[in-house]
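Hydrogens, waters and symmetry mates are skipped; everything else that's a heavy atom, side chains included, is used. Order of listing sets the numbers, starting from 1, for every ligand and every atom in it.
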Amino acid sequence: MERLKDKVIMVTGAGGGIGSASVERFVAEGATVVAADLFEQGVRDLAGRLGARVVPTAIDIADEDSFRSVIDATMEQFGRLDVLFNNAALTDRDIQHRDTTAAEVPLEVWNRTLAVNLTGYLIGCRHAIPRMLAQGSGSIINMASNGALAGDSVRTAYCTSKAAVVALTKNIATQYGKKGIRCNAILPGPVITETFRKVAPELEPMLKRHALTPELGVPEDIAGLAAYLAADESRYMTGQALSMDGGLSAHHPHYADFEDYLAGLAPAADT
Ligand SMILES: NC(=O)c1ccc[n+]([C@@H]2O[C@H](COP(=O)([O-])OP(=O)(O)OC[C@H]3O[C@@H](n4cnc5c(N)ncnc54)[C@H](O)[C@@H]3O)[C@@H](O)[C@H]2O)c1
């Protein structure tokens, strides 16, 4: 399938996990991809593996000059930007472990998280939108999380940033929809990436117990949804917050306990 033939797509956070898998999927569907990341070696390796239709680029999405210059370079090289996939986020172990409760999260962690996960997305949008307006079309995909939908015991800054990304998405969809720009958010549940395995591998069995699907997600699952949102096939979809979380946000909080309870009620099998 070549749904993305001739499209120019920029992906942030392309150096690992979901970003890398998305670049791979976009290229497989015919796109040329500007793969941008703070972790430059990651995108260089990816380009080495996937070939000339991947342009590896260093970026710090929280730095407006850095983001602007990557978009400028994309326009100079290709003359258009069809899709911006705002996917990068602060996922490193140290920040995640210090991102605790509302009363205790250090302001420095809060501010840095919002600067990257939220302001970084606004910066990308505000420099992509004029280009997309000029060409009369564009699709912006913002990476949120199902952490945007419900309270958690920790990760106050991360979850708040992701909820705000959903609000940003709906505002952009409303403001620019009639001018041909669509904007949607993806809300993954747990996705098993290298980072996930480094930060909190012990959580995998617990999360799996609460999912409605037999397995937790992998980056390629999210990449498939991103490819759909990038393609013209999704032209009637905008302003949406799309969960892809194994049904974690679809059921009552007591689901897994209730399953155990029902299993306890089952009559003993005849021997
Ligand atoms: N993996 C999950 O379980 C999960 C669940 C929900 C949402 N998400 C979201 O998916 C996205 C991708 O996460 P992932 O799991 O693939 O993690 P990852 O750690 O593999 O990827 C994140 C990438 O962002 C890059 N990055 C960090 N700060 C940056 C900056 N300032 N500028 C540019 N790049 C920067 C990192 O170098 C890294 O390559 C994130 O937005 C994350 O919040 C992930």
Could [X] and [Y] be called an ion pair, given the rule that one side-chain N must be under 4.0 Å from one carboxylate O?
X	Y	result
Arg25	Glu29	yes
Asp232	Arg182	no
Arg68	Asp65	yes

Report yes or no: does [X] have a heavy atom closer than 4.0 Å to ligand 1?
X	value
Gly189	yes
Asp37	yes
Gly42	no
Tyr121	yes
Glu194	no

Taking only heavy atoms of Gly17, which atoms of ligand 1 are found under 4.0 Å from at least one of them? 16 (O), 20 (O)
Note: ligand 1 atoms sitting under 4.0 Å from heavy atoms of Pro190 are 3 (O)
Is there side-chain contact between Leu248 and His251, with heavy atoms separated by less than 4.5 Å? yes
For the residue pair Asp45 and Gln41, confirm or rule out a side-chain donor-acceptor distance under 3.5 Å. yes
Looking just at side-chain N and O atoms, do Asn142 and Thr169 make a donor-acceptor pair shorter than 3.5 Å? yes
Heavy-atom pairs closer than 4.0 Å: do any link ligand 1 to the side chain of Thr193, the backbone, both, or neither? side chain
Ranking Leu90, Val70, Thr91 by closest non-hydrogen atom to atom 13 (O) of ligand 1, top hit is Thr91
Given Ala115, Ala89, Gly120, identify the one with the heavy atom nearest to atom 28 (N) of ligand 1. Ala89
Go through the structure and list residues passing side chain to side chain donor-acceptor pair (under 3.5 Å) with Asp260, not counting sequence neighbours. Arg209
